[in-house]
Amino acid sequence: MDQTNLLNDQIHHLLKQFNTQDGHPLTNWMTSLKIEDENVMIIFEAPTDRAEEVDLLRQKAEGAIKELSSVKQVRSVLSTPRPAQQSPKMKAPEHLPTIKKIIAIASGKGGVGKSTTAANLAIAFSQLGKKVGLLDADVYGPSLPRLFSITEKPEATEDKKLIPILRYGIACMSIGFMVQEETAMIWRGPMVHSALQQMLKEVLWPELDILIVDMPPGTGDAHLTLCQQVKLDGAVIVSTPQDIALIDARRGLNMFRKVDVPVLGIIENMSQFSCPNCGHVSDIFSHGGARKEAEKLNIPFLGELPIDLSIRLHSDAGTPVSAAEPDSAIAGIYREIGQNIIDNLKVL
């Protein structure tokens, strides 16, 4: 038997000689024994109501172990388990007093045209006679400044509430208004939470029928923060038709269901491409996948938007197609989708 194993046995034998009043040896309270180069470290654990008695025995045993010839140093500690803490009660999501309905526009992944859809839907709601606000909640990749060509910073009231910037009759707010376009937002969860809370509750929102929240892609801190902070009246999922996008869209949909946010429907974006020269229609990203997914999941299908050059050109220019060409077929599709969303809100 080597020296370490011999010392281990000696210590166990020694600890068994120290018993509590009800006859239990001190080894019953030992949770760890480490021996390295004749240095001994022992950890004991006892419930709070036995801690004082066990600690007295621990001190006596530590003194006895020090007397062993093969021990250079001994250290022992006693811990008590932390009492179970009750989880704090979650505050119920709040209604923002000046806003009738809050709708989240979301996607399971990036690159599906969610922000462009949110911007054009905001204008479509306005064209349908609604008072509309648009909150760009994508803290890491804000798109609203570019989509609406907003370069100025919002002003603040005396009580430090931010005043939304008006564009196309829409009350707009984005973290992008406060930072340079090229700035990388390297923020952890608490900072994202704080920024979103400020843009929701520390903004002087006017009387609105609908506030659209352009969500970040995926399912993360920002989504949970929004669902916990304010009462979302519904969520709209934007997806392209191919399977890989629909898988992610399904995750986003299930996330909203888990936090009890009604899903108002799914939009198929980049549905088809019609050649402006010959009129040939190509299903570049497949076609009809979102409609089938909506039927499968028993949620409304809100409509499909084609790949259209005017959408991209006007978005890059900061004049969404619904504002730049309100009488176009594309703007009409956005209004049809907007009306479908309004109708589904009424049903809810």
Side-chain angles (χ1 to χ4, degrees), residues 103-128 130 132-152 164-183 185 210-218 236-242 245 249 266-276 282 284-285 290 302-338 341:
I103 300 172
I105 308 295
S107 65
K109 60 177 300 194
V112 299
K114 168 188 55 63
S115 294
T116 300
T117 302
N120 279 284
L121 280 177
I123 294 169
F125 284 132
S126 180
Q127 291 169 347
L128 290 168
K130 303 298 181 183
V132 186
L134 178 55
L135 170 60
D136 182 359
D138 191 349
V139 173
Y140 296 113
S143 301
L144 185 54
R146 173 59 65 94
L147 286 169
F148 275 12
S149 190
I150 298 174
T151 56
E152 63 265 37
I165 295 174
L166 291 177
R167 248 341 161 267
Y168 309 113
I170 314 297
C172 304
M173 182 54 60
S174 169
I175 193 69
F177 297 161
M178 275 77 83
V179 298
Q180 295 294 323
E181 190 175 50
E182 298 82 7
T183 301
M185 307 298 288
I210 297 173
L211 174 64
I212 291 179
V213 182
D214 179 14
M215 304 285 278
V236 172
I237 307 295
V238 179
S239 178
T240 48
Q242 73 266 45
I266 186 168
I267 297 170
E268 181 169 292
N269 197 30
M270 307 182 198
S271 183
Q272 291 180 306
F273 173 71
S274 178
C275 177
S282 300
I284 295 175
F285 297 113
L302 296 169
E304 56 186 48
L305 289 154
I307 299 173
D308 191 280
L309 185 60
S310 65
I311 297 176
R312 197 271 298 171
L313 289 173
H314 287 300
S315 295
D316 286 349
T319 55
V321 66
S322 292
E325 300 180 20
D327 297 325
S328 65
I330 295 296
I333 295 173
Y334 280 115
R335 282 193 294 274
E336 288 176 11
I337 293 173
I341 294 171

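What you see is a predicted model; the values in this text were computed from it and never measured. Values reported hereafter were calculated over all heavy atoms of this structure, with side chains retained and with hydrogens, waters and symmetry mates removed.
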Search all heavy atoms of [X] against all heavy atoms of [Y] and return the closest pair with its distance.
| X | Y | result |
| --- | --- | --- |
| Leu147 | Ser115 | CD1-O, 3.5 Å |
| Gly113 | Thr117 | O-OG1, 2.7 Å |
| Ala323 | Ile123 | CB-CD1, 3.7 Å |
| His314 | Val321 | CB-N, 3.7 Å |
| Pro142 | Ser174 | CB-OG, 3.5 Å |
| Pro164 | Met173 | CA-CE, 3.8 Å |

Within this structure, what is the [atom1]-[atom2] distance for the pair [X] and [Y], rounded to the nearest 0.5 Å?
| X | Y | atom1 | atom2 | result |
| --- | --- | --- | --- | --- |
| Ile212 | Lys130 | CD1 | NZ | 12.5 Å |
| Ile330 | Arg335 | CD1 | CZ | 11.5 Å |
| Asp214 | Cys172 | CG | SG | 11.5 Å |
| Ile267 | Ile105 | CD1 | CD1 | 6.0 Å |
| Ser239 | Met270 | OG | CE | 10.0 Å |
| Leu313 | Glu325 | CG | CD | 9.5 Å |

Check whether any side-chain heavy atom of [X] lies under 4.5 Å from a side-chain heavy atom of [Y], and answer yes or no.
| X | Y | result |
| --- | --- | --- |
| Ile266 | Glu268 | no |
| Pro145 | Asp136 | yes |
| Ser143 | Thr116 | no |
| Val236 | Ile341 | yes |
| Leu305 | Ile333 | yes |
| Leu121 | Ile103 | no |

*asked:* So, using ring-ring contact (aromatic ring centres under 6.0 Å, His included) as the criterion, who are the partners of Phe148 when residues are at least two apart?
replied: Tyr168

_Partners meeting ring-ring contact (aromatic ring centres under 6.0 Å, His included) with Phe177 (sequence neighbours left out)_ = none

*Glu152 side-chain N/O to Ile165 backbone N/O, donor-acceptor pair under 3.5 Å*: no

_Donor-acceptor contact below 3.5 Å, side chain Asn269 vs main chain Val238_ = no

*asked:* According to salt bridge (charged side-chain N to carboxylate O under 4.0 Å, His left out), does anything in residues 306-321 pair up with another residue at least two apart or in another chain? List the pairs.
replied: Arg312-Asp316

